[in-house]
Amino acid sequence: AQSVTQLGSHVSVSEGALVLLRCNYSSSVPPYLFWYVQYPNQGLQLLLKYTTGATLVKGINGFEAEFKKSETSFHLTKPSAHMSDAAEYFCAVSVRDDKIIFGKGTRLHILP
Amino acid sequence: KAGVTQTPRYLIKTRGQQVTLSCSPISGHRSVSWYQQTPGQGLQFLFEYFSETQRNKGNFPGRFSGRQFSNSRSEMNVSTLELGDSALYLCASSLSVPGNYGYTFGSGTRLTVV
């Protein structure tokens, strides 16, 4: 069975600083990986996904993530944080033809 | 095009009652999944429906049930409500298999059981 672990339930960064949200997965077969963002009182919005091909995936709002099979990781980064990036971020894993399993989420705080 | 629509947005129910939540997926999406979101447990998978058939089920008691109609709209029902059922219930639709395509989520139904 697949699983995903997000390191850090809360992460704080200063406005303009690098954002790094960590995600490690477990899967016995090639995984599909996702990052979602959730703003208060809203559903989740897809930021980016990796299925096959290029391991560096670019998403919306300037975010990107790199699939590293050797490290079983799919960390989310953004070069420069904006106040509007404050939200909860979820990493998720699935395999072909199966359901999506979500991590417990990381709440990102942006310090002025 | 319209997104995933969940109704109602907010509900307050009394312990022991039952509740029905509704979800209209994006037009053309045939898969609908339901998740329960709570601060302590995060996002917990309830079930997935595809072409009116339950294709996947999470580890929830039988009080939680769902169905999908021929137009892909879905409902979930919770009977004999407990205080612990208070949560945000999220519906998500996908073109086909969620794992292959990812989800589009609705804004959720916030259920409070008192």
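In what follows, every chain begins at residue 1, and chains take the letters A, B, ... in the order their sequences are listed.
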Is it true that, when you exclude [X] itself, more than 12 heavy atoms of the residues, nucleotides or ligands shown sit nearer than 6.0 Å to its [atom1]?
X       : atom1 : result
B:Ile12 : CD1   : no
B:Asn59 : CG    : no
B:Arg63 : CZ    : yes

(request) Just give me the residue among B:Gly106, B:Gly108, B:Ser31 that pairs up with chain A most often, heavy atom to heavy atom, under 4.5 Å. (result)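 If we count pairs closer than 4.5 Å to chain A, B:Gly106 comes out on top.
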(request) Working to the nearest 0.5 Å, report the span between CG of A:Leu44 and CG of B:Leu43. (result)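 Answer for the CG-CG pair, A:Leu44 versus B:Leu43, is 5.5 Å.
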(message) Rounded at 0.5 Å granularity, tell me how far CD in A:Gln38 sits from CG in B:Leu90.
(response)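 The distance works out to 6.5 Å.
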(request) Only one of A:Tyr39, A:Tyr36, A:Phe90 passes ring pair (Phe, Tyr, Trp, His ring centres under 6.0 Å) with B:Phe105; say which it is. (result)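 Answer after filtering A:Tyr39, A:Tyr36, A:Phe90: A:Tyr36.
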(request) Just say parallel, tilted or perpendicular for the rings of B:Tyr103 and A:Phe102, cut-offs at 30° and 60°. (result)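 Rings of B:Tyr103 and A:Phe102: parallel, under 30°.
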(message) Given heavy-atom pairs under 4.5 angstrom as the criterion, report whether the side chain, backbone, both or neither of A:Gln45 touches chain B.
(response)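 No part of A:Gln45 comes within 4.5 Å of chain B.
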Membership question, hydrophobic clusters at under 4.5 Å side-chain separation (ILVMFWY): are [Y] and [X] in the same one?
X       : Y        : value
A:Ile60 : A:Val19  : yes
A:Tyr25 : A:Val57  : yes
B:Leu83 : B:Leu111 : yes
B:Tyr89 : B:Val113 : yes

Which atoms of [X] approach chain A - backbone, side chain, both or neither, heavy atom under 4.5 Å:
X       : value
B:Arg55 : neither
B:Gln37 : side chain
B:Tyr35 : side chain

(request) For residues A:Asn41 and B:Arg110, report the shortest heavy-atom separation together with the two atoms involved. (result)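 Of all heavy-atom pairs spanning A:Asn41 and B:Arg110, the closest is OD1-NH2, 4.3 Å.
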